[in-house]
Amino acid sequence: MRVVSGIQPTGSLHLGNYLGAIRNWVRMQDGMEEGSQCLFFLADLHAISMPHDPAELRRATLEMAAALVACGIDPDRSILFNQAQVPAHAELQWLLNGTARMGWLNRMTQFKDKSGKNREGASVALFTYPVLQAADVLLYQATHVPVGEDQKQHLELARDIAQKFNNDFCAEDAPVFTLPDPIIPPDAARIMSLRDGTAKMSKSDPSDMSRVNLADDADTVAKKVKKAKTDPEPLPSEAAGLEGRPEALNLVTIYAALSDSTVEAVLGQYGGQGFGAFKPALADLMVESLSPVTGRFTELLRDRESLDAILARGAARARDIAGPTLDATYSALGLLRG
Ligand code: TYM
């Protein structure tokens with residue numbers, strides 16, 4: 001079993017990332033059997049697909065590394081690094097660009113969302129972004145990729161690319177790439193914005209009130225929950241009653257995920273009550289769940305040298321694992337390298 005996943009170091013780590021992905025990373029790491037391996041990386045190469053400020057990217061990369069360690073990623077047990085220190089990611093992307101089809105990339109909803117009405121002005125990197133993502137996982141022969149629902153389409157593309165490459169360039173009994181399986185949490189696959197229950201919670205939302213960041217202090221969390229958009233109805237006693245109430249559903253989902261419970265169980269407890277009672281309970285639960293993470297995070301951020309060392313060591317280990325797959329890819333394509 002080889003687990004591989006990444007996160008873009010843009011903005012802060014928020015509750016959606018945590019419940020949708022990072023918590024699963026930690027659980028998979030902690031349940032790993034002998035001989036299995038986890039690789040987790042900061043997708044800094046992906047972050048340059050949108051306009052960005054270099055100083056901010058440097059800062060955010062270290063901050064995200066600290067956040068992951070604070071959440072429980074153990075750099076001794078897992079391999080933690082940033083893409084930019086492992087050139088094989090960019091190399092393999094180029095090699096896979098020969099296999100990925102324009103039509104496949106044209107169907108990617110993230111490109112449509114992020115480029116919006118300005119397709120002509122979008123970067124080429126934003127278009128070919130999913131090919132880099134395929135390279136990220138195929139490079140390490142990933143078997144399992146823990147992600148939120150929004151990354152499912154990208155992983156299906158990674159499988160398509162792997163399959164076509166294996167078909168086109170490899171003997172049937174000697175494929176170069178393993179087809180990775182996405183691992184999506186059933187309970188928190190999509191955490192939505194606190195301001196709009198139909199939009200996902202996102203680092204790129206201009207309103208900080210739309211998300212709870214793992215670094216937010218207790219007062220900020222309480223304020224954001226209090227101001228979260230809701231409707232005037234009390235909570236229903238059954239999940240069916242949340243239909244057509246995206247904001248209410250989102251808050252109950254968050255409560256269920258944080259308390260390792262289910263939407264039904266939360267409604268069993270809070271059904272019939274209004275948000276005046278539910279919101280403070282949710283804010284308390286958030287603060288209680290996040291405060292250990294926030295404390296460790298602040299401490300780690302102060303130790304720049306240790307963070308640099310963690311990423312350098314992780315990158316060296318990642319480069320070693322990547323080598324054979326990269327060599328096999330060049331060779332399968334008939335590219336001579338001395
Ligand atoms: P990114 O940085 O947007 O998000 C990191 C992880 O958090 C999940 N996530 C969410 N889950 C539930 N609700 C939400 N509101 C929410 N927002 C984010 C994402 O699904 C993701 O798992 N392209 C990727 C990074 C990446 C990657 C990879 C992931 C690059 N290469 C290879 C897996 C494998 C991204 O931008 O995630």
The reported gap from OG1 in T99 to CG in D160 (rounded to nearest 0.5 angstrom) is 11.5 Å
Minimal heavy-atom distance between C71 and L214, with the atoms involved, is SG-CD2, 3.5 Å
Heavy atoms, side chains only, cut-off 4.5 Å: are V266 and S261 in contact?
yes
Within the 4.5 Å heavy-atom criterion, are L68 and L42 side-chain neighbours or not?
yes
State, yes or no, whether a side-chain contact exists between D205 and R211 at a heavy-atom distance under 4.5 Å.
yes
Determine, using ring centers only, whether Y255 and F278 are less than 6.0 Å apart.
yes
Donor-acceptor contact present, side-chain T61 to main-chain P9, <3.5 Å
no
Is a side-chain N or O of Q273 found less than 3.5 angstrom from the main chain of P236, in a donor-acceptor match?
no
Measuring from atom CZ of F81 to atom CZ of F41, what distance do you get when rounded to the nearest 0.5 angstrom?
6.0 Å
Is the number of heavy atoms from other residues, nucleotides or ligands within 6.0 Å of NZ (K112) greater than 12?
yes
Rounded at 0.5 Å granularity, tell me how far CD1 in I161 sits from CG in L95.
12.0 Å
Can you find a pair of side-chain heavy atoms, one from V4 and one from R2, that are under 4.5 Å apart?
yes
Check whether the side chains of Y140 and Q37 place a donor and an acceptor atom closer than 3.5 Å, and report yes or no.
no
Are the charged groups of R77 and D30 less than 4.0 angstrom apart, N to O?
yes
Heavy-atom pair with the smallest gap, counting every atom of V131 and A100
CG2-CB, 3.8 Å
List the steps and the verdict of salt bridge (charged side-chain N to carboxylate O under 4.0 Å, His left out) for R159 and E156.
CA-CA 5 Å; R159 291 174 66 93; E156 279 162 5; over 6 Å; no
Please check this pair: side chain of R296 against backbone of A70, looking for a donor-acceptor N/O pair closer than 3.5 Å.
yes
Do D136 and H89 have side-chain atoms, one donor and one acceptor, less than 3.5 Å apart?
yes
Which is it for F275 and L251 under the side chain to side chain contact (heavy atoms under 4.5 Å, CB included) test, yes or no, and what are the steps along the way?
CA-CA 10 Å; F275 287 100; L251 295 187; 4.2 Å; yes
What heavy-atom pair brings A222 and A283 nearest, and what distance separates the two atoms?
CA-CB, 4.0 Å
With a 3.5 Å distance limit and no angle check, can you tell me whether N24 reaches the backbone of A21 through a side-chain donor-acceptor pair?
no
Derivation of the side chain to side chain contact (heavy atoms under 4.5 Å, CB included) call for D44 and Q8
CA-CA 6 Å; D44 48 5; Q8 286 197 68; over 6 Å; no
F165 vs L138 side-chain heavy atoms within contact, under 4.5 Å:
no
Consider only side-chain N and O atoms of Q133 and H154, and report whether a donor and an acceptor are under 3.5 Å apart.
yes
Presence of salt bridge, R190 and D150, under 4.0 angstrom
no
How about N82 and Q85: does a side-chain donor come under 3.5 Å of a side-chain acceptor?
yes
Flag yes if Y129 and I48 sit in one hydrophobic cluster, no otherwise; membership is Ile, Leu, Val, Met, Phe, Trp, Tyr, and two members link when side-chain heavy atoms are under 4.5 Å apart.
no
Donor-acceptor side-chain pairing of T230 and E247 below 3.5 angstrom
no
Any chain of hydrophobic side-chain contacts (each under 4.5 Å) joining M28 to I79?
no
Smallest heavy-atom separation, A332 atom then V176 atom, equals CB-CG2, 4.2 Å
Whether Q83 side chain and L45 backbone form a donor-acceptor pair below 3.5 Å
yes
Should D284 and K279 count as an ion pair when the cut-off is N to O under 4.0 Å?
no
Should R337 and D327 count as an ion pair when the cut-off is N to O under 4.0 Å?
yes
Between R27 and D260, does any side-chain N to carboxylate O distance fall below 4.0 Å?
yes
Check whether any side-chain N or O of W25 sits under 3.5 Å from a backbone N or O of P146 as a donor-acceptor pair, and report yes or no.
yes
Check A257 against R23 and note the closest heavy-atom contact, atom names and distance.
O-NH1, 2.8 Å
Answer yes when K224 and D208 have at least one side-chain N-carboxylate O distance shorter than 4.0 Å, and no when they do not.
yes
Measure the NE2-SG distance between H144 and C38 for me, rounded to the nearest 0.5 Å.
10.5 Å
Determine whether the side chains of D196 and T198 contain a donor N or O and an acceptor N or O closer than 3.5 Å.
yes
Side chain proximity check, V3 to V145, heavy atoms < 4.5 angstrom
no
Checking S115 side chain against N118 main chain: does a donor-acceptor pair fall under 3.5 Å?
no
With side chains defined as the heavy atoms from C-beta onward, is the minimum distance between D187 and T262 less than 4.5 Å?
no
Is there a path of hydrophobic side-chain contacts, each under 4.5 Å between heavy atoms of I/L/V/M/F/W/Y residues, joining I22 to I184?
no
Apply side chain to side chain contact (heavy atoms under 4.5 Å, CB included) to L282 and I254, showing your working.
CA-CA 8 Å; L282 177 60; I254 294 175; 4.1 Å; yes
Evaluate S5 against V147 for side chain to side chain contact (heavy atoms under 4.5 Å, CB included), listing each step before the verdict.
CA-CA 7 Å; S5 200; V147 286; 3.8 Å; yes
Evaluate the side-chain proximity of H52 to T10: yes if any heavy-atom separation is below 4.5 Å, no if none is.
no
Examine distances only and state if a side-chain atom of S207 and a backbone atom of M209 form a donor-acceptor pair shorter than 3.5 Å.
yes
Minimum heavy-atom separation for P130 and M108, please, with both atom names.
CG-CG, 3.8 Å
State yes or no: do M50 and L132 share one hydrophobic cluster built from I, L, V, M, F, W and Y residues joined by side-chain heavy-atom distances below 4.5 Å, directly or via other members?
no
Is V26 reachable from I7 through a run of hydrophobic residues whose side-chain heavy atoms are each under 4.5 Å from the next?
yes
D217 versus T220, side-chain donor and acceptor atoms under 3.5 Å
yes
Measuring from L301:CG to L307:CG, what's the distance to the nearest 0.5 Å?
7.0 Å
Carboxylate-amine/guanidinium contact D219 K223, below 4.0 Å:
no
Find the distance between OG1 (T329) and CG (L335) and round it off to the nearest 0.5 Å.
10.0 Å
Expected output: side-chain S36 to main-chain M32 donor-acceptor under 3.5 Å:
no
Counting distance only, does the side-chain N/O of R245 pair as donor-acceptor with the main-chain N or O of E233 below 3.5 Å?
yes
